[in-house]
K.L.:
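Questions regarding the structure given below will be posed in turn.
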Amino acid sequence: MIKDNLLEIKNTLPHHVTLVAVSKTKPDEDLMEAYAAGQRIFGENKVQEMVGKWERLPKDIKWHMIGHLQRNKVKYMAEFVDLIHGVDSFRLLSEINKKAEQNNRTIDCLLQIHIAEEDTKFGLDKEELNAILISEEYHQLKNINVVGLMGMATFTDDETQVRREFQQLKSIFDTIKTENPQVTILSMGMSGDYQMAIEEGSTMVRIGSSIFGKRN
Ligand SMILES: *Cc1c(COP(=O)(O)O)cnc(C)c1O
């Protein structure tokens, strides 16, 4: 079942779009079924859960932290995390840099942009993003690499609104890309809206329930 879902989605994705299989709340067996079908990138939104799965599952899995992240949790995953999607403050970026340095590595990050109308979704606005990218302190962080942006659209049936929010994020992405050559990833799109996200320029989709089924 998981294998069929996964392969079906993979077949529809353009080559330039990376699939993150969002496995939060799902047991190891489910991840291993996707793994057996060739999936290597998994997304989790709780640090503790991701650490446990990292310890138990094959070491060639790339672990993406896609959830809202507290600074005091960075240390638990600094050794192995492949990409952190939801970085929404300079203080968090700075903490990731510190823990990456202690582990002798560089950690790739995406800055999360607030595009939804709901107050509940985290993220920076355009001004806050620019303020970070032009600051001296940011350029002194040698152990993080900001490789792109991430965003979540409003949870609504209004397709026009969702499309407009994706376009907004794509436009910010294009603007900062010209001055930041390491910026190549645009993480937008989930089970319900990934096709539209791809039409609007997404290069990385985070899909959970369409692969693994509904979460409890
Ligand atoms: C859970 C989650 C997803 C996946 O959601 P689905 O609708 O199950 O595909 C994607 N992105 C983030 C940030 C999530 O927390």
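Numbering of residues begins at 1 and proceeds along the displayed sequence.
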K.L.:
Does a side-chain heavy-atom distance below 4.5 Å link Leu31 with Ile2?
P.N.:
no
K.L.:
Near Gln182 CD, under 6.0 Å, is it more than 12 heavy atoms from other residues, nucleotides or ligands?
P.N.:
yes
K.L.:
Would you say that more than 12 heavy atoms from the other residues, nucleotides or ligands in this model lie under 6.0 Å from the NZ of Lys10, or not?
P.N.:
yes
K.L.:
Does one hydrophobic cluster hold both Met150 and Leu83, with members joined at side-chain heavy-atom distances below 4.5 Å?
P.N.:
yes
K.L.:
Looking only at atom types and distance, does a side-chain atom of Thr203 sit under 3.5 Å from a main-chain N or O of Ile185, one as donor and one as acceptor?
P.N.:
no
K.L.:
Are any side-chain N or O atoms of Thr175 and backbone N or O atoms of Ser171, one a donor and one an acceptor, separated by less than 3.5 Å?
P.N.:
yes
K.L.:
Taking the side chain as everything from C-beta on, heavy atoms only, tell me whether Gln161 gets closer than 4.5 Å to Glu117.
P.N.:
yes
K.L.:
Mark yes when over 12 heavy atoms from residues, nucleotides or ligands other than Lys214 sit less than 6.0 Å from its NZ; otherwise mark no.
P.N.:
no
K.L.:
Could you check whether any side-chain heavy atom of Ser202 comes within less than 4.5 Å of a side-chain heavy atom of Phe166, counting everything from C-beta outward?
P.N.:
no
K.L.:
Just verifying a value: how many Å separate Thr18 OG1 and Arg206 CZ, rounded to the nearest 0.5 Å?
P.N.:
13.0 Å
K.L.:
Measuring from atom CG of Leu69 to atom CZ of Arg71, what distance do you get when rounded to the nearest 0.5 angstrom?
P.N.:
10.0 Å
K.L.:
Side chains of Asn97 and Tyr138: do they bring a donor and an acceptor to under 3.5 Å?
P.N.:
no
K.L.:
Taking Val205 as the starting point, is it possible to reach Val22 by hopping between hydrophobic residues whose side chains are less than 4.5 Å apart?
P.N.:
no
K.L.:
Leu124, Leu141: one ILVMFWY side-chain cluster at the under-4.5 Å cut-off?
P.N.:
yes
K.L.:
Say whether Val183 and Val147 are linked into one hydrophobic cluster, either directly or through other cluster members, by side-chain heavy-atom distances under 4.5 angstrom.
P.N.:
no
K.L.:
In terms of relative ring orientation, are Trp63 and Phe42 parallel, tilted or perpendicular, with 30° and 60° separating the classes?
P.N.:
tilted
K.L.:
Quick check: do Ile207 and Val20 have side-chain heavy atoms less than 4.5 Å from each other?
P.N.:
no
K.L.:
Might you point out which heavy atoms bring Gly189 and Ala197 nearest each other, and give the distance in Å?
P.N.:
CA-CB, 3.6 Å
K.L.:
Any side-chain heavy atom of Val146 sitting closer than 4.5 Å to one from Leu93?
P.N.:
yes
K.L.:
Starting at CG of Asp108, measure out to CG of Asp82 and round the result to the nearest 0.5 Å.
P.N.:
7.0 Å
K.L.:
Just wondering, are more than 12 heavy atoms of other shown residues or ligands nearer than 6.0 Å to CD in Gln140?
P.N.:
yes
K.L.:
Do side-chain atoms of Glu33 reach the backbone of Asp30 as a donor and acceptor pair under 3.5 angstrom?
P.N.:
no
K.L.:
Any side-chain to backbone donor/acceptor pair from His114 onto Ala116? Under 3.5 Å, distance only.
P.N.:
yes
K.L.:
Side chains of Leu149 and Leu129, heavy atoms from C-beta outward: is any pair under 4.5 Å?
P.N.:
yes
K.L.:
Inspect the contact between Arg91 and Glu95 and indicate whether a charged nitrogen and a carboxylate oxygen are less than 4.0 angstrom apart.
P.N.:
no
K.L.:
Do any N or O atoms from the side chain of Thr154 and from the backbone of Thr156 form a donor-acceptor pair under 3.5 angstrom?
P.N.:
no
K.L.:
Within the structure provided, determine whether Arg40 and Lys62 are in side-chain contact (heavy-atom separation under 4.5 Å).
P.N.:
no
K.L.:
Less than 4.5 Å apart, any side-chain heavy atom of His68 and any of Asp88?
P.N.:
yes
K.L.:
Do the rings of His64 and His85 sit parallel, tilted or perpendicular, given the 30° and 60° boundaries?
P.N.:
tilted
K.L.:
How long is the gap from OG on Ser210 to CD1 on Ile9, to the nearest 0.5 Å?
P.N.:
5.0 Å
K.L.:
Indicate yes or no: does Glu200 engage Arg163 in a salt bridge with an N to O separation below 4.0 Å.
P.N.:
yes
K.L.:
Check Lys24, Lys26, Lys53 against Glu44 for a salt bridge (Lys or Arg N to Asp or Glu O under 4.0 Å) and give me the one that passes.
P.N.:
Lys53
K.L.:
Tell me whether Leu110 shares a hydrophobic cluster with Ile115, the cluster being built from Ile, Leu, Val, Met, Phe, Trp, Tyr side chains joined at under 4.5 Å.
P.N.:
no
K.L.:
Any chance you could measure Met77, atom CE, to Trp54, atom CH2, to the nearest 0.5 Å?
P.N.:
12.5 Å
K.L.:
Using modelled atom types and a 3.5 Å cut-off, is there a donor and acceptor pairing between side-chain atoms of Asn143 and backbone atoms of Arg105?
P.N.:
yes
K.L.:
I need the minimum non-hydrogen distance between Ile132 and Ser89, along with the two atoms involved.
P.N.:
CD1-C, 4.3 Å
K.L.:
Is a donor on one side and an acceptor on the other found under 3.5 Å between the side chain of Asp193 and the backbone of Met190?
P.N.:
yes
K.L.:
What distance separates Met32 CE from Gln39 CD, expressed to the nearest 0.5 Å?
P.N.:
12.5 Å
K.L.:
Just checking Asp157: does its CG atom have more than 12 heavy atoms from other residues, nucleotides or ligands closer to it than 6.0 angstrom?
P.N.:
no
K.L.:
Could you walk me through whether Tyr35 and Asp60 satisfy the side chain to side chain donor-acceptor pair (under 3.5 Å) test, starting with their C-alpha distance in whole Å, then the side-chain angles of each, then the deciding distance to 0.1 Å, before giving a yes or no?
P.N.:
CA-CA 10 Å; Tyr35 182 90; Asp60 61 340; 2.7 Å; yes
